[in-house]
Amino acid sequence: TSVVTELQKIIHQALARHRGIRRQRAWLAAFAAFAAVMVLTALLDRMWMFSGGLRWIGWIAGMVAAAFAARWAMGVACPDATSIADQIEKEAGETASVVATAIDPAVRLTAGSEAMGGVMLERLDRLANDAIRAAPPSFHGRLRVPASIAAAALVAILTLLLIQGPNGLLRVLIPWMESPYTTIQLEGPKEAIAEGRPFTLTARVSGVPVKVVTLYRQDSPQAIAEAAPGPDGVVRLAMNGLDGPAEFVVRAGDGQSAPLRVVPYPLPAIASFEIDVTPPEYAAHAKETKREPSFSVLRGSRLGYKVRLNA
């Protein structure tokens, strides 16, 4: 009975080790698959600068690939004790004689030492583990995901970090985070500008180089001006003039500047005017006030202007 109990204990330990190996290889496979999809997505994102929605698709594809890889690495359920015992009987027919000899009291008494039991239990331990290895789950060898694949995925991630920096990997790992490759800062004129007077906006581009920088009004999708940045990343965009406050943004690559509000001050303008007309002495007309911009008077009349400005 003790031998059977020991055999059951050995089988239980072998099963526990087997399950641990399966879990470890499942995690390695999941990591390798997720890392491969993330690296590929980051490389494509660097070339085409994906939107947040496309980065979400890449992230979900990585999770699905990790789940399938883990399932593929684990295989089907772990074999139970009965299948292991059958495998022991199949792979090592002498097990029955070893157990029978150990159970026979006469043999145990003749042995008179623990050496026989120790050798037998060691042999049973080897046979049980051999049975575990000989009867893996389905997929014949797919359970054994080599650690080298996970190591290669880790090397790919480190290489990506060296080439692109952390921003590229963070964009695909955290797709909801705004982390554009191109950063743009838009600056307005240093001095106050008057309505209708031309002025210049300055954009400073950093990060991934871009070929063209485009200026838009915040409330309109139509481009106002565009220019190529210089070697220092500075772009100057000329504007004709404004008749009131306006907000501008600059876009280039996957980056967009914060809105810049420009408020020009109004030039002085005539709000109203009055013209007092005093007719000549030879006329019998009384003094009158004109508020129209165009009128006629008698020769020799005196005119008095009263002008009010809106400044």
Side-chain angles (χ1 to χ4, degrees), residues 49 51-53 176-311:
M49 298 182 181
S51 63
W176 59 88
M177 183 179 70
E178 292 294 336
S179 54
Y181 282 116
T182 303
T183 304
I184 309 173
Q185 181 180 1
L186 183 60
E187 300 175 357
K190 301 298 182 181
E191 299 176 354
I193 59 172
E195 290 182 350
R197 298 293 176 86
F199 61 95
T200 301
L201 298 178
T202 303
R204 302 183 185 278
V205 183
S206 59
V208 176
V210 294
K211 295 181 179 180
V212 176
V213 173
T214 308
L215 177 68
Y216 298 86
R217 288 188 71 139
Q218 177 72 2
D219 56 355
S220 174
Q222 185 176 0
I224 300 175
E226 61 180 20
D232 56 354
V234 176
V235 184
R236 291 179 173 81
L237 302 163
M239 299 293 297
N240 292 328
L242 297 174
D243 55 1
E247 290 188 348
F248 300 94
V249 293
V250 167
R251 298 170 190 161
D254 66 337
Q256 176 176 309
S257 69
L260 174 68
R261 182 175 177 84
V262 178
V263 182
Y265 64 85
L267 291 173
I270 297 176
S272 62
F273 64 91
E274 293 181 355
I275 304 175
D276 295 330
V277 179
T278 303
E281 295 181 358
Y282 65 83
H285 298 166
K287 182 178 179 181
E288 59 180 342
T289 301
K290 302 286 186 180
R291 293 181 177 85
E292 298 82 12
S294 178
F295 57 89
S296 59
V297 295
L298 296 174
R299 184 186 297 271
S301 299
R302 293 192 301 274
L303 304 180
Y305 291 85
K306 296 178 183 179
V307 180
R308 288 190 293 272
L309 302 179
N310 62 0

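Note: hydrogens, waters and symmetry copies are ignored here, and every other heavy atom, side chains too, is used.
- Between Tyr181 and Met49 the shortest heavy-atom distance is CD1-CG, 4.1 Å.
- Taking the side chain as every heavy atom from C-beta outward, Phe248 and Arg217 approach each other to under 4.5 Å.
- Taking OG of Ser206 as the start and CG of Asp232 as the end, the distance is 12.0 Å to the nearest 0.5 Å.
- The two residues Ile193 and Phe199 make their nearest non-hydrogen contact at CD1-CD2, 3.5 Å.
- Here CD of Gln222 is found 10.0 Å from OH of Tyr216. Values are rounded to the nearest 0.5 Å.
- Other residues, nucleotides and ligands contribute only 12 or fewer heavy atoms inside 6.0 Å of the CG atom of Asn240.
- Contact between Gly188 and Leu260 at its shortest, heavy atoms only, is N-CD2, 3.4 Å.
- Taking every heavy atom of both residues into account, Pro280 and Arg299 meet most closely at CG-O, 3.5 Å.
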Check the pair Ile275, Thr289 against side-chain contact (heavy atoms from CB on, under 4.5 Å), reporting the backbone distance first and the verdict last.
CA-CA 5 Å; Ile275 304 175; Thr289 301; over 6 Å; no
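- Using a 4.5 Å heavy-atom cutoff, the side chains of Leu237 and Val250 are in contact.
- What you find for Val210 and Ala252 is that their closest heavy atoms are CG2-CB, 3.8 Å.
- The closest side-chain heavy-atom distance from Val249 to Leu186 is not below 4.5 Å.
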Any chance you could lay out the side-chain contact (heavy atoms from CB on, under 4.5 Å) test for Met239 and Leu215, step after step, and finish with the verdict?
CA-CA 10 Å; Met239 299 293 297; Leu215 177 68; 3.5 Å; yes
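- In this structure, Lys287 and Asp276 have side chains that are in contact, with non-hydrogen atoms separated by less than 4.5 Å.
- Here the closest heavy-atom approach between residue Pro180 and residue Gly255 is recorded as CB-CA, 4.1 Å.
- Here the side chain of Asp243 pairs no donor or acceptor atom with the backbone of Glu195 at under 3.5 angstrom.
- Using modelled atom types, no side-chain atom of Ser301 and backbone atom of Val277 make a donor-acceptor pair closer than 3.5 Å.
- With rounding to the nearest 0.5 Å, the separation of CG in Leu303 from NZ in Lys290 is 10.5 Å.
- Between Val208 and the choices Thr183, Asp254, Thr182, the side chain to side chain contact (heavy atoms under 4.5 Å, CB included) rule is met once, by Thr182.
- Side chain to side chain, Arg251 and Thr214 fail the donor-acceptor criterion of an N or O pair below 3.5 Å.
- Considering only heavy atoms from C-beta on, Val262 stays 4.5 Å or farther from Pro245 through its side chain.
- Atom-to-atom distance recorded for Arg236:CZ and Arg204:CZ is 7.0 Å, nearest 0.5 angstrom.
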